[in-house]
Amino acid sequence: MMFDDLSDLYQQVILDHCKHPRNFHELPTATCSAQGRNPLCGDQLKLFLALDGEVIKDISFLGSGCCISKASASLLTDSVKGKTKAEVLSLFEQVHEMVTSGEVKGDVGKLAVFAGVHKFPARVKCAILAWHALKSALSGAGEPVSTETEEM
Amino acid sequence: MDWSHSRADFPILNERVHGQPLIYFDNAATTQKPRVVLDRLRSYYEHENANVHRGIHELSNRATAGFEAARARAAQFLNARSADEIIFTRGTTEGINLVAAAWGSKHLQPGDKILLTEMEHHSNIVPWQLLAARTGAELLFLPVTGDIGLLDLTRLDEWLTKGVKLFAMTHISNSLGTINPVIELCARARRMGIHTLVDAAQSAGHRPLDVQEIGCDFLAFSGHKMCGPTGIGVLYGRQEILETMPPYQGGGEMILSVSFQKSTWKNPPHRFEAGTPDISGAVGLHAAMDYLDAIGRQKIAEHDQELGAYANEKLAGMKGGIRLFGPHIGRAGVVSFLLEGVHAHDVVTVADQRGVALRGGHHCNQPLMHKLGVESTARASFYFYNTKQEIDRLVEVLGEIQKFFGV
């Protein structure tokens with residue numbers, strides 16, 4: 001197969017979510033939202049969350065960006081739906097660790113496809129953008145997050 | 001002209017990346033350095049290193065001589081009237097900031113206008129925004145005509161009559177490859193009594209530059225984009241204007257006398273060079289200018305344009321959707337493009353795995369990208385050591401990328 005060396009980064013699941021992003025729409029029932037922006041490449045996305053107490057009842061996103069950032073946002077929406085804030089924050093830490101070091105700690109489900117990103121340091125920000133936006137939405141800050149003000 | 005001979009002057013071009021031979025197409029960001037420049041840096045530190053303009057000892061004399069010889073060489077490189085018109089800076093960005101700070105704060109009043117173009121690099125926008133905020137001046141932008149990337153000059157005379165004090169323009173666009181008619185633009189501004197600044201970051205070292213022929217008041221370039229080291233650049237300023245300008249920064253080197261309350265300062269260019277300058281950078285840049293002139297800047301310009309035209313033609317002929325930016329004819333060796341359905345960063349990541357170094361992003365041209373309705377593009381930018389075979393390889397790799405992403 002062509003580009004064997006790249007299949008770690010662009011796994012089939014990622015290519016699929018990039019071309020056919022899930023939950024890619026606005027959310028009329030949203031109770032909060034947050035934006036993420038990568039000023040280096042102009043990528044931007046907006047997450048919409050419908051919270052019921054501590055639980056994420058529904059979640060969606062809109063935006064534009066590279067394959068990695070789009071697939072990451074898409075898989076994020078799939079994997080946090082129904083989870084509590086506390087569960088999501090601990091998942092954030094696992095994902096952060098995984099995309100920066102390549103180590104998968106605990107069960108991250110389908111998100112494990114992003115483990116290969118750590119071999120491409122310039123692309124870590126793409127994979128983590130949606131997660132920073134999610135954290136911001138949950139903290140209630142409502143401030144747009146930028147990859148350039150965060151420690152990556 | 002046998003360019004493979006020049007290619008052999010650049011040790012880094014033998015590098016392999018990800019197991020592939022390097023194809024370096026990011027020359028608009030920085031160029032590679034020939035061995036003569038690397039050797040000159042080493043010999044400076046091995047035989048001449050000391051501080052300049054202040055030592056009595058032999059090494060200081062050597063360092064001062066080398067530094068001032070570089071200034072004289074830069075004056076010759078630009079056909080300035082005098083070496084006193086050459087200020088060493090960190091690069092184009094600092095040169096423009098120097099003009100904005102020293103010329104701008106002296107000569108601008110609230111309501112005065114600064115005319116820029118929509119294709120400027122952030123370094124020729126943001127310093128003027130900062131100046132405008134300090135002085136109450138306003139910014140105007142000469143429009144760009146869509147994807148083809150030419151300045152719309154049909155109403156230039158109207159733009160030049162609106163209380164404009166300075167017209168600052170790029171010579172060659174770093175994202176579109178457009179070569180602007182700076183001689184005509186400066187002449188038309190001069191007729192209206194408007195000062196001019198040319199951002200020559202993409203043209204210095206790529207074509208002959210003659211500040212008297214261009215007729216500009218200021219011109220800035222960076223050494224590292226023309227075979228020189230990073231950290232050194234040149235600002236040319238017309239002497240009678242430099243003389244009206246207050247210092248840019250204060251410190252050693254730029255003063256005549258200092259008391260606790262007050263100082264007087266030297267004449268240009270030293271007035272604008274506070275502190276220990278980048279001496280090795282200047283002597284390295286001197287070597288780069290010698291190297292480029294030995295090849296011939298006119299020949300380099302022709303080769304640049306040939307590569308630009310060849311790349312444009314090959315990319316336009318690709319199967320599948322591709323959007324090309326910049327003029328179809330008469331462009332510099334810079335091509336920006338988007339593969340339909342593949343984000344520029346994905347293109348750049350995959351190309352890198354094949355050894356091809358591209359740039360992806362907004363190229364410090366966010367307002368222009370916004371105007372063109374894109375967030376980013378992929379860019380290949382060439383220098384004389386690049387070849388048509390390398391461009392063929394790029395086209396092949398882009399075809400593989402289209403297949404990989406199924407577009």
Side-chain angles (χ1 to χ4, degrees), chain A residues 1-21 24 35-46 62-74 99 113-114 116-130 144 146-148 152, chain B residues 16-20 26 29 122 125-126 175 321 323 325 336 338-379 393 396-407:
Chain A
M1 178 197 155
M2 268 193 319
F3 293 122
D4 278 350
D5 38 353
L6 283 163
S7 52
D8 270 354
L9 180 61
Y10 296 108
Q11 302 214 9
Q12 279 310 320
V13 176
I14 293 180
L15 289 174
D16 174 46
H17 276 259
C18 153
K19 274 186 222 157
H20 312 287
F24 192 64
Q35 288 181 50
R37 208 166 66 81
N38 181 345
L40 295 182
C41 54
D43 286 1
Q44 47 193 333
L45 56 89
K46 190 166 184 184
L62 279 176
S64 59
C66 65
C67 201
I68 305 297
S69 70
K70 224 171 175 179
S72 172
S74 174
V99 298
V113 296
F114 290 104
V117 172
H118 84 281
K119 291 186 204 157
F120 298 82
R123 307 305 300 273
V124 169
K125 285 173 180 171
C126 314
I128 206 74
L129 180 62
S146 162
T147 54
E148 296 315 290
M152 284 297 148
Chain B
R16 293 179 83 81
V17 294
H18 307 300
Q20 307 277 333
D26 197 16
H122 294 168
I125 298 176
V126 183
S175 58
R323 182 172 166 192
F325 300 88
S336 270
L338 276 176
L339 291 186
E340 215 167 85
V342 191
H343 192 277
H345 275 201
D346 296 315
V347 171
V348 172
T349 293
V350 181
D352 177 54
Q353 291 294 313
R354 285 294 173 264
V356 184
L358 300 175
R359 168 93 188 261
H362 53 60
H363 317 293
C364 297
N365 282 139
Q366 271 181 344
L368 175 66
M369 295 286 137
H370 189 71
K371 160 139 185 172
L372 299 178
V374 296
E375 275 143 21
S376 59
T377 68
R379 178 186 73 186
R393 177 68 184 137
E396 198 176 286
V397 167
L398 293 178
E400 290 176 30
I401 291 170
Q402 289 175 319
K403 263 188 218 151
F404 182 75
F405 287 99
V407 295

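Here the structure is a predicted model, which is why all the values come from computation and not from measurement. Here is how names work: the chains are called A, B, and so on, in the same order as the sequence lines, proteins then strands, and each is numbered from 1.
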task: State, yes or no, whether a side-chain contact exists between B:His363 and B:Thr377 at a heavy-atom distance under 4.5 Å.
output: yes

message: If I measure from the heavy atoms of chain B, does A:Ser69 come under 4.5 Å with its side chain, its backbone, both, or neither?
response: neither

message: Check the orientation of A:Tyr10 and B:Phe405. Use parallel for under 30°, tilted for 30 to 60°, and perpendicular for over 60°.
response: perpendicular

query: Given side chains that start at C-beta, do those of A:Lys125 and A:Leu129 come closer than 4.5 Å, heavy atoms only?
result: no

query: A:Cys18, A:Gly65, A:Ala122: which one forms the most heavy-atom pairs within less than 4.5 Å of chain B?
result: A:Gly65

Proximity breakdown for A:Lys19 and chain B, heavy-atom pairs closer than 4.5 Å: side chain

- prompt: Which is it for A:Leu6 and A:Phe120 under the side-chain contact (heavy atoms from CB on, under 4.5 Å) test, yes or no, and what are the steps along the way?
  reply: CA-CA 10 Å; A:Leu6 283 163; A:Phe120 298 82; 4.0 Å; yes

